[in-house]
Amino acid sequence: MMVDTMKIFVTVVEQSNFSRAAELLNLSQPGVSLHIRNLENEFGVKLIHRSPKHVKMTEAGAILYKHAKQMLALYDTAREEIHLLRDEVTGAIKVGASFTIGEYILPHLLSEFASQYPQIDIEVTIANTEEIVQAVRANELDIGLVEGKVDYAEIQVPPPFMEDEMVLVAHPGHSLCSRKTVEPEVLQDLVWVFRESGSGTRAFSDHFIAEIGVTVKRSYVFNSNQGVKEAAAAGLGVAMLSKLVVRKELEAGELCGIQVKGTKNKRSFIMLQDRKTASETMAVKMFIQKVRQFRL
Ligand SMILES: O=S([O-])[O-]
């Protein structure tokens with residue numbers, strides 16, 4: 001089918017590599033090369049320059065790439081409209097989420113989404129913000145849901161989809177817990193429990209500490225919210241975590257929340273897609289719509 005050949009051509013161009021394209025498409029490399037050769041024979045012109053180091057489009061290849069993208073998008077739209085006619089949205093979505101979103105928001109969101117669209121398969125990857133950003137850039141995910149700021153030209157970041165409240169927490173026996181609100185200076189030389197670098201939670205903690213201008217006496221680092229939370233509840237040090245992560249422990253009195261005068265405790269959750277390769281299937285569109293409307 002011509003649409004399959006176009007998909008192969010577009011994948012080779014976007015991956016700049018025959019074997020990576022073959023792997024992504026579940027085809028053999030000779031099979032992919034044959035499709036490209038047949039396409040070149042059909043147009044009577046070279047579409048791709050191959051050298052041991054590079055796979056690059058020719059001028060004719062660039063023209064075909066532009067139209068092939070439009071053809072594939074039109075084909076998807078036609079397929080989706082036909083599915084909608086039969087009142088069903090099908091397909092598969094790969095979603096990546098940072099830990100706070102992946103563990104505290106996504107399960108509830110997906111449970112609503114699944115009852116609305118039972119025929120959409122979803123694969124979720126949970127990792128820290130930086131890892132999810134890199135996976136979106138590498139085109140391994142259709143959508144990334146992360147915390148904080150993202151500054152890559154090729155990544156499309158629409159306005160935040162949710163606000164998150166951060167809380168400074170400690171074991172209830174910590175000296176800071178005897179006061180309702182504290183001045184920033186009293187946080188001088190404390191022992192902290194942090195998430196790892198690359199996480200949105202760590203970025204927020206670092207920013208918070210820099211803003212109030214205190215030094216950290218010693219720190220312990222865990223690569224999960226759960227680890228940080230348990231360590232703070234065990235009295236290892238203070239920690240800055242999302243309220244979503246510590247809500248139950250605060251209610252149960254296993255952690256105390258410390259208010260620091262004049263500091264900001266809000267951050268945003270954002271949704272990412274790769275500008276160039278963003279999937280526009282109906283399944284992805286419906287998922288994006290759900291993320292925008294969802295409230296916990
Ligand atoms: O998992 S996080 O905090 O980016």
Side-chain angles (χ1 to χ4, degrees), residues 93-110 122-152 154-170 191-212 216 219-234 236-250 255 257-258 260 263-274 287 291 294 296:
I93 316 177
K94 287 188 183 164
V95 181
S98 61
F99 281 90
T100 309
I101 300 171
E103 292 175 343
Y104 294 89
I105 296 177
L106 219 43
H108 306 284
L109 186 151
L110 287 181
I122 302 197
E123 187 183 316
V124 177
T125 302
I126 297 181
N128 73 32
T129 291
E130 184 55 25
E131 289 161 343
I132 296 299
V133 171
Q134 294 311 332
V136 171
R137 292 181 78 204
N139 209 3
E140 289 160 9
L141 297 170
D142 295 312
I143 291 173
L145 304 172
V146 299
E147 309 157 21
K149 288 202 181 83
V150 173
D151 247 344
Y152 290 102
E154 71 272 36
I155 295 226
Q156 173 175 305
V157 186
F161 66 89
M162 202 180 271
E163 255 206 347
D164 184 36
E165 188 180 334
M166 299 294 281
V167 203
L168 182 67
V169 293
V191 177
W192 282 76
V193 189
F194 286 129
R195 279 285 307 278
E196 78 287 8
S197 296
S199 64
T201 300
R202 175 59 176 272
F204 189 93
S205 309
D206 286 350
H207 186 75
F208 175 85
I209 290 168
E211 214 165 57
I212 60 174
V216 172
S219 63
Y220 298 94
V221 178
F222 289 75
N223 68 348
S224 75
N225 286 330
Q226 185 71 19
V228 173
K229 177 169 73 176
E230 293 296 329
L236 194 58
V238 298
M240 180 67 82
L241 286 167
S242 164
K243 193 141 188 204
L244 294 168
V245 176
V246 292
R247 190 175 44 85
K248 284 189 188 146
E249 288 73 10
L250 288 172
L255 281 170
I258 303 155
V260 185
T263 56
K264 128 175 183 321
N265 63 348
K266 293 277 200 288
R267 65 175 177 174
S268 301
F269 288 153
I270 52 177
M271 177 157 45
L272 320 171
Q273 280 192 292
D274 186 280
F287 183 78
V291 172
F294 184 74
L296 265 180

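Atoms within a ligand are numbered from 1 in the order they appear, just like the ligands themselves. Because the structure is a prediction, the values reported are computed rather than measured.
- Of the polar atoms of E147, at least one N or O is found under 3.5 Å from an N or O of ligand 1, judged by distance alone.
- Other residues, nucleotides and ligands contribute only 12 or fewer heavy atoms inside 6.0 Å of the NZ atom of K94.
- Residue G198 has no nitrogen or oxygen atom sitting less than 3.5 Å from a nitrogen or oxygen atom of ligand 1, judged on distance alone.
- To the nearest 0.5 Å, atom CG of residue D206 and atom CZ of residue R195 are 12.0 Å apart.
- At a 4.0 Å heavy-atom cut-off, ligand 1 does not touch E130 at all.
- Remark: ligand 1 and T129 share an N or O pair separated by less than 3.5 Å (distance only, no angle test).
- Checking side-chain atoms of E131 against main-chain N and O of N128 turns up a donor-acceptor pair under 3.5 Å.
- Considering backbone and side-chain atoms alike, S98 places every N or O at 3.5 Å or more from each N or O of ligand 1.
- Inclusion of T201 in the set of residues having an N or O under 3.5 Å from an N or O of ligand 1 is warranted.
- No side-chain N or O of N225 forms a donor-acceptor pair with one of E103 less than 3.5 Å apart.
- Closest approach of L244 to D164, counting heavy atoms only: CD1-OD1, 3.8 Å.
- The single protein non-hydrogen atom nearest to atom 2 (S) of ligand 1 is G200 N, 3.4 Å, given as residue, atom name and distance.
- Between atom CD1 of residue I122 and atom CD1 of residue I143 there is a gap of 8.5 Å, rounded to the nearest 0.5 Å.
- Contact atoms of ligand 1 toward F99: 1 (O) (distance under 4.0 Å to a heavy atom of the residue).
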